Amino acid sequence: MGMQQGLLARMRSLGLIAQVSNEAELVAHLDGGSRTVYCGFDPTADSLHIGNLVPLLALRRFQLAGHKPILLVGGATGMIGDPGGRTSERELKSAAVVQDFVSKIREQASAFLDFDCGETSAVVVDNAEWTEKLSAIDFLRDIGKHFSVNAMIQKETVKRRLEDDSQGISYTEFSYMILQSYDFVVLNKRYDCTIQMGGSDQWGNITSGMDLIRRMNSRQAYAITYPLITNSDGTKFGKSMGNAVWLDQHKTSPYSFYQFWRNCADADVIHYLKIFTFLDNAELARLAAAHAQDPGQQLAHKALAAAVTQLVHGEDGLAAALRISAALFSNTLASLAEVDLEQLAQDGLPVTEVDAESMGLLDALLASGLAMTPRGEVTLGQARKLVQSNAVVVNGEKTTDLEMMLSRKTALYGKYQLLQKGKKTHHMIVMR
RNA sequence: GGAGGGGUUCCUGAGUGGCCAAAAGGAUCAGACUGUAAAUCUGACGCGCAAGCUUCGGUGGUUCGAAUCCACCCCCCUCCA
């Protein structure tokens, strides 16, 4: 059996497939040679986040199976905003901002694919390249002509917005589908790209693209969607402390990144191992068994966190994450050497430097940002509440003393104050 | 342009003159229990130690007193032209 054989079946067994168009034909198509697959990423921020990891790693699977991946950055469509998955109109970003996002995402995504392996080398394209040149007349005559509004309003993403009494949909967002369809046509012509992959909310857009290829290029194309990732408890996937988990180490440190995976729910861990790592079946089975046998050991969690952190941040990033985690969670602060504490700061433990010789605990909670209310403001009242509710640990010791002073005398090695809020939020104050 | 319906604290969504810093649920944060899990229970959830202060699309009125009444304006939705 060749490497590419059974790719679809393999992905399905990993839970990576939501829908495919014409499965029998698609399987034959994939088995029949090296194909070109594309997946689009909208530049909605200056970094990708872990949700984007799903298609990114899926593209890599295709490449490993002998196909050519195209990563499309939506410099044009990002200017417009996909109505899918949204209940309200997007805010439009300026061209300069989108351009900046595009270049950052291009660079970031490139780390996951091989760009130098001959025929199947990955390619990055920006749809602004062809979409910007499109005149309104050409757009309407050559492309718009092929779209039936009757069909478009039947698409799930559009229908939902039409049926919502409190929100409408602008013509701009309504047109998103057409531009995405055109992307597929262009890539089909240029690269003989025959497969588009996207989240299951993209199904409507992808199949429109297939239709457009049939009409404009008289070719057969295919659609593959992956299920949108959900947490078993119904909360939104990919949030940590209310923030997105980014791939950019300056936005989410390798340590925080590691902790995110380390803390995922039991019910999700095996599922995530399948989606976010490249572990083989034997290893997956071994971890699943271990997890079922003794979930308290969290072997699967540790394996997941290690594998994904390594994938995204490399060996060094993983090592740093492990170092901090070990120091903070094994309660061995007292035994840490001064170099260890310095290392924690370098490894990405959040740090605040202060000039004062001493400062009140409450001020420290403010300065560190730990005293953040559920709404996201840092307030003195919240600092008090935390201390009073027994949630604060200073240098390994719980304290409920509102008046407590942090001085060089109480500091570790005369300068480090390690604050802990709750069970797993840590912050270091360094007294210069 | 016309007719109608809406804009409330992070979200959903009650509230039509004082009892409203504003019901309820969700989300979030913390505590207990645990395994850095889930579920559950408890507390917090505009700011402030407090007195008090600032909020209910905006501005200006009426009133002892307004999220609630009036005027104008802005924004959203639906239908008609």
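Note that the structure is a prediction, hence the values are computed from the model and not measured. In what follows, every chain begins at residue 1, and chains take the letters A, B, ... in the order their sequences are listed.
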Step by step, would you call A/Q417 with A/N395 a side chain to side chain donor-acceptor pair (under 3.5 Å)? CA-CA 6 Å; A/Q417 305 278 4; A/N395 295 330; 3.0 Å; yes

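A salt bridge is absent between A/E107 and A/K104; no separation between the charged side-chain nitrogens and carboxylate oxygens falls under 4.0 Å.
To the nearest 0.5 Å, the span separating OG on A/S47 from CG on A/D248 amounts to 4.5 Å.
Pair check for B/A23 finds none; no Watson-Crick or G-U wobble contact set falls under 3.5 Å. Base pairing of B/U54: no nucleotide in any strand meets the Watson-Crick or G-U wobble criterion (both distances under 3.5 Å). Nucleotide B/U16: unpaired (no Watson-Crick or G-U wobble partner with both distances less than 3.5 Å). The partner of B/U62 is absent, by the rule that a Watson-Crick or G-U pair needs both atom distances under 3.5 Å. Figure legend. B/G43 is base-paired to B/C29; pairs are counted as Watson-Crick or G-U wobble with both atom distances under 3.5 Å. With both pairing distances under 3.5 Å, B/A3 is matched to B/U78 as a Watson-Crick or G-U wobble pair.
Residues meeting the side chain to side chain contact (heavy atoms under 4.5 Å, CB included) test with A/S103, sequence neighbours left out: A/D100. For the side chain to side chain contact (heavy atoms under 4.5 Å, CB included) test, no residue two or more places apart in sequence or in another chain qualifies with A/K145. When the salt bridge (charged side-chain N to carboxylate O under 4.0 Å, His left out) test is applied to A/E129, the partners found at least two apart in sequence or on another chain are A/R190.
At whole-Å resolution of the value, CD in A/Q420 and C1' in B/C29 are 15 Å apart. Protein atom CD of A/Q388 is 10 Å distant from nucleotide atom P of B/C49, rounded to whole Å. Taking atom CG of A/N231 as the reference point, atom C1' of B/A37 lies 13 Å away to the nearest angstrom. In this structure, the CG atom of A/L304 is 16 Å from the C1' atom of B/G35, given to the nearest Å. Rounded to an integer number of Å, the gap from A/L299 CG to B/A37 C1' is 14 Å. Atom C1' of nucleotide B/A44 and atom CE of A/M372 are separated by 17 Å, given to the nearest angstrom. As a whole-Å value, the separation of A/D363 CG from B/C49 C1' is 15 Å. B/C45 atom P lies 13 Å from atom CG of A/L386, rounded to whole Å.
Here A/K424 reaches the OP1 or OP2 of B/A37: one of its side-chain N or O atoms lies under 4.0 Å away.
Comparing the P positions of B/C53 and B/G5 gives a spacing of 38 Å, expressed to the nearest Å. B/G57 and B/G43 are spaced 34 Å apart, taking the C1' atom of each and rounding to whole Å. Only the C1' atoms considered, B/U59 is 15 Å distant from B/A66, to the nearest whole Å. B/A71 and B/U78 have their P atoms separated by 26 Å, given to the nearest Å. Using C1' as the reference atom, B/G26 and B/C72 are 38 Å apart when rounded to the nearest Å. Nucleotides B/U55 and B/G60 are separated by 12 Å at their P atoms, to the nearest Å. B/C75 and B/U42: their C1' atoms are spaced 42 Å apart (whole Å). Taking atom P in both B/C56 and B/A50, one finds a spacing of 23 Å when rounded to whole Å.
Closest contact between the side chain of A/N390 and the listed nucleotides B/A32, B/G35, B/A30 involves B/A32.
A heavy-atom distance below 4.0 Å to RNA chain B is reached by these residues of residues 262-270 of chain A, ordered by number: A/R262, A/N263, A/A265, A/D266.
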Tabulate below the donor-acceptor pairs under 3.5 Å that side-chain atoms of residues 299-308 of chain A make, not counting sequence neighbours, or state none.
from	atom 1	to	atom 2	distance (Å)
A/H301	NE2	A/C264	O	2.8
A/H301	NE2	A/D266	OD1	3.4
A/K302	NZ	A/Q297	O	3.3

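The environment of A/R141 atom CZ is sparse: at most 12 non-hydrogen atoms of other residues, nucleotides or ligands sit within 6.0 angstrom. Counting non-hydrogen atoms of other residues, nucleotides and ligands closer than 6.0 Å to CG of A/D401 gives a total above 12.
The base of B/U36 has none of its N or O atoms less than 3.5 Å from a complementary donor or acceptor on the side chain of A/Q298. Under 3.5 Å, the side chain of A/K423 and the base of B/U34 form at least one donor-acceptor pair of N or O atoms.
Residue A/M428 forms a side chain to side chain contact (heavy atoms under 4.5 Å, CB included) with just one option from A/V351, A/L419, A/L328, and that option is A/V351.
Each of A/K398 and A/P374 was matched to the nucleotide of RNA chain B holding its nearest heavy atom; the match closer to the 5' end belongs to A/P374.
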Could you list the protein-to-nucleotides 46-48 of chain B atom pairs, N/O on both sides, closer than 3.5 Å?
from	atom 1	to	atom 2	distance (Å)
B/G48	OP1	A/L380	N	3.0
B/G48	OP1	A/G381	N	2.9

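Considering all non-hydrogen atoms of both residues, A/N281 and A/R10 come closest at OD1-NH1, 2.5 Å.
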